[in-house]
**Q** 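The structure follows.
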Amino acid sequence: MMPRLFWKLFAAFWLTTLAILTVSIFASFQLADRATADWIDPREADAMVRQIAESQNRQQVMRWLGDPATFPTGQTIYLIDADIEDISGRDLPVFVQARARHQWAITQQDGRNSRRPRRPFRPVIHTIGDTSYIAIPGPAALPRFGVLSSSALRWTVLALAAVISLLAFGWLSRSLTRPIERIAAATRRLQSGDMSARVGSDAWGQDEIGQLSRQFDRMAGEIEAQAQRREELFRNISHELRAPLARLQIAADLITRKPDAAQVQVDRIVRDIATMDQLTGQVLKLARAQQGSPQREAVVVNELLDELLDQGSVEAGARGVEVSLAPVDPQLVVHADRQQLASALDNVIRNAISVAPPGSTVDVIVNESDGGCQVIVEDRGPGVPDADLERLFEPFYRVDQNRPGSGIGLAITARVVTDLGGSIVASNRDGGGLRMTIFLPTDQAFTGS
């Protein structure tokens with residue numbers, strides 16, 4: 001399929017060419033009509049030939065006939081012998097040939113029947129050298145460029161062609177440069193920090209420049225959204241760090257004021273440092289997840305989940321929660337960074353364990369799906385209000401601010417899953433609890449050893 005911009009340029013070129021040809025042809029016919037409005041009178045032609053034939057030889061007569069300045073524009077006189085050939089060897093128009101045959105026939109009839117009454121018009125026979133000729137006026141052979149050879153018409157047509165070309169390509173240039181200028185202006189605004197800079201939907205044409213404008217606006221919208229998310233992330237990090245830093249400051253102050261209770265404050269300082277270290281580690285994980293996964297390998301989902309559940313069994317046992325993994329065959333493979341995928345799935349499982357009431361079960365289900373697999377994690381906890389379900393994957397968002405944690409884990413999971421071409425959806429489970437449904441595209445299905 002040809003690009004739309006190609007067709008725009010192609011159409012502009014040929015429409016301009018057609019307009020110039022139309023003007024040229026119209027002007028040519030106008031001049032031709034004016035030039036051939038009145039033919040040379042046959043008697044005047046005879047008089048002109050008689051005068052030149054009496055004073056010039058054959059070669060001079062031929063030069064005289066070939067000089068365009070001798071006759072009105074577009075006209076000439078043919079000197080035709082009895083063989084219906086012109087003295088100069090010029091091609092005869094059809095009607096000139098017919099008229100010449102007719103007039104030579106008249107002269108022959110008059111010679112055979114001298115008693116026949118004389119005609120009102122008798123052809124005049126001119127003798128040049130040893131040959132007899134009849135003079136017949138007619139159209140001159142057109143020059144190389146026809147009537148456009150006329151200097152006045154030639155310059156007129158050239159001027160009109162220049163005007164048409166300027167108008168057509170001026171319009172074309174403007175239609176092409178206007179959206180480009182708007183893209184350049186929006187780029188400068190975006191570069192200067194104006195995140196609201198857009199080209200505008202009225203510049204979203206169907207050609208390649210229009211598509212570029214549309215793509216620029218999409219890119220600018222994504223940059224603005226990323227900048228807003230980054231600013232919100234920094235605010236949340238500052239907010240999360242402010243509380244442990246304030247506690248550290250208070251603890252340090254209390255140590256200097258009450259040395260006898262220093263051990264209690266030191267314990268608090270150690271806990272707050274651990275909290276800040278954990279928060280910093282999660283922020284780094286989120287940053288790495290947002291940078292994508294440059295190195296990927298084949299990861300068997302079932303085997304990875306077995307490892308994660310084995311590691312989480314201690315925490316689950318301490319809370320009196322049972323975690324079950326429904327077996328699946330064949331085992332399913334995804335192409336991913338193993339460490340990032342493990343962290344993403346672990347965040348979901350640990351989150352389910354942390355909200356599950358003692359004595360309940362957290363179910364992990366793996367289903368083969370079209371082009372991938374589903375990992376479903378269900379708990380029997382309190383669930384989440386419907387209005388908050390979509391916000392669970394925002395960094396630092398927590399439904400219950402009093403619960404421990406930073407709210408980064410599910411954001412990391414969403415980012416890793418999205419980079420793999422998958423998706424994650426949170427929904428409330430029938431009968432209570434939260435269901436996390438993760439879709440991961442698989443490379444192939446195979447039976448593990």
**Q** Does atom CD of Glu390 have more than 12 heavy-atom neighbours from other groups under 6.0 Å away?
**A** no
**Q** Crowded around Asp67 CG? As in, over 12 foreign heavy atoms under 6.0 Å?
**A** yes
**Q** So, do Val61 and Leu79 sit near enough that their side-chain heavy atoms are less than 4.5 Å apart?
**A**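 Yes, at least one pair of side-chain atoms sits under 4.5 Å.
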**Q** Test Gln97 against Arg101 for side-chain contact (heavy atoms from CB on, under 4.5 Å), laying out the working first.
**A** CA-CA 6 Å; Gln97 292 182 21; Arg101 289 191 182 94; 3.7 Å; yes
**Q** I need the Thr127 OG1 to Arg50 CZ distance, nearest 0.5 Å.
**A** 11.0 Å
**Q** Do Pro123 and Arg99 touch side chain to side chain, with heavy atoms closer than 4.5 Å?
**A** no
**Q** Determine the minimum heavy-atom distance between Cys373 and Leu332, stating which atoms define it.
**A** CB-CD1, 3.0 Å
**Q** Would you say the side chain of Leu65 lies within less than 4.5 Å of the side chain of Thr70, judging by non-hydrogen atoms?
**A**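 They are not in contact (no side-chain heavy atoms under 4.5 Å apart), so the answer is no.
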**Q** Could you tell me the separation between the CZ atom of Arg429 and the CG atom of Leu434, rounded to the nearest 0.5 Å?
**A**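 If I round to the nearest 0.5 Å, the distance is 10.5 Å.
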**Q** Measure the shortest side-chain to side-chain distance between Met436 and Leu410 over non-hydrogen atoms and say whether it is less than 4.5 angstrom.
**A** yes
**Q** If we ignore hydrogens and angles and just use 3.5 Å, is the side chain of Asn428 paired with the main-chain N or O of Gly383 as donor and acceptor?
**A** no
**Q** Given side chains that start at C-beta, do those of Ile223 and Met195 come closer than 4.5 Å, heavy atoms only?
**A** yes
**Q** Could you measure the distance from the OG1 atom of Thr413 to the CG atom of Asn347? Nearest 0.5 Å is fine.
**A**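 One finds 4.0 Å between OG1 of Thr413 and CG of Asn347.
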**Q** Would you say the side chain of Leu305 lies within less than 4.5 Å of the side chain of Leu345, judging by non-hydrogen atoms?
**A** yes
**Q** To the nearest 0.5 Å, what is the distance between CG (Asp430) and CD (Glu378)?
**A** 9.0 Å
**Q** So, Trp104 versus Tyr133, ring centres under 6.0 angstrom or not?
**A** no
**Q** Just do the side-chain contact (heavy atoms from CB on, under 4.5 Å) check on Leu392 and Val384 with the steps written out, would you?
**A** CA-CA 9 Å; Leu392 287 177; Val384 175; 4.2 Å; yes
**Q** Given side chains that start at C-beta, do those of Asn351 and Ile353 come closer than 4.5 Å, heavy atoms only?
**A**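 Asn351 vs Ile353: side chains apart.
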**Q** Does Asn57 have more than 12 heavy atoms from other residues, nucleotides or ligands lying within 6.0 Å of its CG?
**A**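 Yes, CG of Asn57 has more than 12 neighbouring heavy atoms, counting only those of other groups under 6.0 Å.
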**Q** Taking all non-hydrogen atoms of both residues into account, name the closest pair between Ala336 and Leu420 and its distance.
**A** CB-CD2, 3.5 Å
**Q** Quick check for you: to the nearest 0.5 Å, what is the distance between Ile134 atom CD1 and Ile77 atom CD1?
**A** 14.0 Å
**Q** Determine, for Glu85 against Arg90, whether the closest basic-nitrogen to carboxylate-oxygen distance falls under 4.0 angstrom.
**A**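 Arg90 and Glu85: not salt-bridged.
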**Q** Apply side-chain contact (heavy atoms from CB on, under 4.5 Å) to Arg189 and Ser196, showing your working.
**A** CA-CA 8 Å; Arg189 289 174 54 197; Ser196 64; 3.9 Å; yes
**Q** For Thr76 and Ala140, indicate whether the former's side chain and the latter's backbone hold a donor-acceptor pair under 3.5 Å.
**A** no
**Q** With a 4.0 Å cut-off on N to O distance, would you call Arg338 and Glu297 a salt bridge?
**A**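 No.
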**Q** Which atom pair, heavy atoms only, marks the closest approach of Val417 to Ile424?
**A** CG1-N, 4.2 Å
**Q** Could you tell me whether a side-chain N or O of Asp217 sits under 3.5 Å from a main-chain N or O of Arg198, the two making a donor and an acceptor?
**A** no
**Q** Taking the side chain from Thr187 and the backbone from Ile183, do they hold a donor-acceptor pair closer than 3.5 Å?
**A**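 Judged by distance alone, yes, a pair lies under 3.5 Å.
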**Q** Taking Pro139's backbone N and O only, do any of them form a donor-acceptor pair with Tyr78's side chain (distance below 3.5 Å, no angle check)?
**A**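 Such a contact is found between Tyr78 side chain and Pro139 backbone.
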**Q** Apply side-chain contact (heavy atoms from CB on, under 4.5 Å) to residues Leu389 and Asp386 and explain how you reach the verdict.
**A** CA-CA 5 Å; Leu389 287 173; Asp386 292 340; 3.8 Å; yes
**Q** If you look at every heavy atom in Gln75 and Ile40, which pair is closest and at what distance?
**A**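 Shortest heavy-atom contact: OE1-N, 3.0 Å.
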**Q** With the side chain counted from C-beta on, respond yes when Gln103 and Ile136 share a heavy-atom pair under 4.5 Å apart, and no when they do not.
**A** yes
**Q** When rounded to the nearest 0.5 angstrom, what distance separates CG in Asp46 from NE2 in His126?
**A**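 Reported to 0.5 Å precision, the distance equals 4.0 Å.
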**Q** Mind listing the closest non-hydrogen atom pair of Val334 and Pro441 along with its distance?
**A**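 Shortest heavy-atom contact: CG1-O, 3.3 Å.
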**Q** Looking at every heavy atom in both Ala342 and Leu304, which two are closest together, and how far apart are they?
**A**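 Where Ala342 meets Leu304 most closely, the heavy atoms are CB-CD1, 3.7 Å.
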